[in-house]
Amino acid sequence: MRKLSYIVSISLISLFILFLFQCSKTPTSPDEPFSESSSSQISNLTTLGSLQLILKDKPVDDALNIFVTINKIRVHQASPSNFIVLSEEEKEFDLLALKNNPQPILEAEMEPGLYNQIRMAVVSGKIVFEDGVYELEVPSNEIKIPVVFEVKEKGIVQIILDFDAEKSIKVVGAGKKNTKYILRPVIKVESVRYQ
C-alpha cells in the first residue's frame, strides 16, 4: 500500500512540475503574434540601404528652360532578377537649372543586393525660348540606364546622372512655326559613390 502511495505521489509531483514548465512559456495568441518570420522582418527594417539619384545637365544654346516630367523610377535587381518600383510620383525638372544646381530626383530605402539598371518614365516636356513655349514630343517614354551598383546594409549609394539635353532634343523642320522638337533622352552615369 505504501509503495502504491509513493508511486502516486511521485506521479502527481511530476505532473505538477510539467504543468509549471508549460505555464512559464510565453503564450502565443492572436493579439500578440510573434514568430521567426516577424522577427526577421523587424531586423530587415534596420538593415536597409539607401539609393540617391542626382540629376544634372549640359546646356542647350538659346533655350531659356527645358522642362521634363518624370513619373516613374524603377531599378532592376540582378538576383533575383526582377524590377522594383521606387517611385511613381510625378515630378517636373528644368534641365537648364540643373547645370549649376544638380537636384536629387529620388531618395529611397532598398533591400541590400546587386542592381544593374535604372529605368525612368518621361511623360512630357517643353522647351522655352524668348519667342514662346514649344511642346517636346516624347516617342518612347522609358529611359533605360545601364549601371551596376550594390546596396549594402545601412549603406548609401549616390548615383549622379547627366541628362544631356543637347543630344536629347532633335529639331525637325525649318522656322519656328514648322519646327518640331523631339525628346529622345540621353542620360549618362557620371558617378557612383558609396557612403
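Residues: numbered from 1 along the sequence shown.
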Completion exercise
Smallest heavy-atom separation, Val138 atom then Gly125 atom, equals CG2-N, 4.4 Å

Exercise for the section: Could you tell me whether the side chain of Ser87 and the main chain of Glu89 form a donor-acceptor pair under 3.5 Å? Expected result: yes

Exercise for the section: Tell me, yes or no, whether the heavy-atom count around Arg184 atom CZ, taken from other residues, nucleotides or ligands under 6.0 Å, exceeds 12. Expected result: no

Completion exercise
CG of Asp162 to CD1 of Ile160, rounded to nearest 0.5 Å, is 10.0 Å

Problem - Check against side-chain contact (heavy atoms from CB on, under 4.5 Å), Arg74 and Gln117 - result: CA-CA 8 Å; Arg74 302 187 294 160; Gln117 192 178 111; over 6 Å; no

Handout entry: Quiz item: cation-pi between Lys152 and Tyr194, 6.0 Å / 45°
Key = yes

Exercise for the section: Specify the closest pair of heavy atoms between Glu109 and Ser50, including all atoms of both residues, with the distance to one decimal. Expected result: CG-OG, 4.2 Å

Handout entry: Over all atoms of both residues, closest heavy-atom pair of Pro185 and Phe163
Key = CB-CZ, 3.7 Å

Exercise for the section: Using the rule that two of Ile, Leu, Val, Met, Phe, Trp, Tyr join whenever any of their side-chain heavy atoms come within less than 4.5 Å, decide whether Val192 and Met110 are in one cluster. Expected result: yes

Problem - NZ/NE/NH1/NH2 to OD/OE distance under 4.0 Å, Lys72 and Glu90 - result: no

Handout entry: Stepwise side-chain contact (heavy atoms from CB on, under 4.5 Å) test for His76 and Asn82
Key = CA-CA 6 Å; His76 186 262; Asn82 61 350; 5.8 Å; no

Exercise for the section: Could you state whether Tyr115 and Val147 fall into the same hydrophobic cluster, counting links through intermediate Ile, Leu, Val, Met, Phe, Trp or Tyr residues with side-chain heavy atoms under 4.5 angstrom apart? Expected result: yes

Problem - Any donor-acceptor pair under 3.5 Å from Asn65 side chain to Phe67 backbone - result: no

Practice task
Using the rule that two of Ile, Leu, Val, Met, Phe, Trp, Tyr join whenever any of their side-chain heavy atoms come within less than 4.5 Å, decide whether Val148 and Leu51 are in one cluster.
Solution key: no

Exercise for the section: Quick one: pull up CD in Gln103 and CD1 in Ile105 and give me the separation to the nearest 0.5 Å. Expected result: 9.5 Å

Exercise for the section: Report yes or no: do Gln195 and Arg193 form a side-chain donor-acceptor pair below 3.5 Å? Expected result: no

Completion exercise
Shortest non-hydrogen pair, Ile73 vs Met120, comes out as CG1-CG, 3.9 Å

Practice task
Please step through ring pair (Phe, Tyr, Trp, His ring centres under 6.0 Å) for the pair Tyr181 and Phe129, ending with a clear verdict.
Solution key: CA-CA 12 Å; Tyr181 296 92; Phe129 294 100; 5.6 Å; yes

Practice task
Start with the C-alpha distance between Val75 and Phe149, add both sets of side-chain angles, then the distance that settles side-chain contact (heavy atoms from CB on, under 4.5 Å), and finish with yes or no.
Solution key: CA-CA 10 Å; Val75 292; Phe149 62 96; 4.2 Å; yes

Handout entry: Closest contact, heavy atoms only, Gly49 versus Val151
Key = CA-CG1, 3.6 Å

Problem - Joint cluster assignment, Val186 & Val123, ILVMFWY side-chain distance < 4.5 Å - result: no

Handout entry: Trace of the side-chain contact (heavy atoms from CB on, under 4.5 Å) decision for Leu136 with Ile169
Key = CA-CA 8 Å; Leu136 292 169; Ile169 297 171; 4.2 Å; yes

Handout entry: NZ/NE/NH1/NH2 to OD/OE distance under 4.0 Å, Lys126 and Glu135
Key = no

Exercise for the section: With sequence neighbours excluded, tell me which residues meet side-chain hydrogen bond (donor to acceptor under 3.5 Å, both in side chains) with Gln52. Expected result: Glu107, Gln158

Handout entry: Check: Ala78 main-chain N/O paired with Asn116 side-chain donor or acceptor under 3.5 Å
Key = no

Practice task
Provide the closest heavy-atom pair for Leu161 versus Val189 in the form atom of the first, atom of the second, distance.
Solution key: CD2-CG2, 3.9 Å

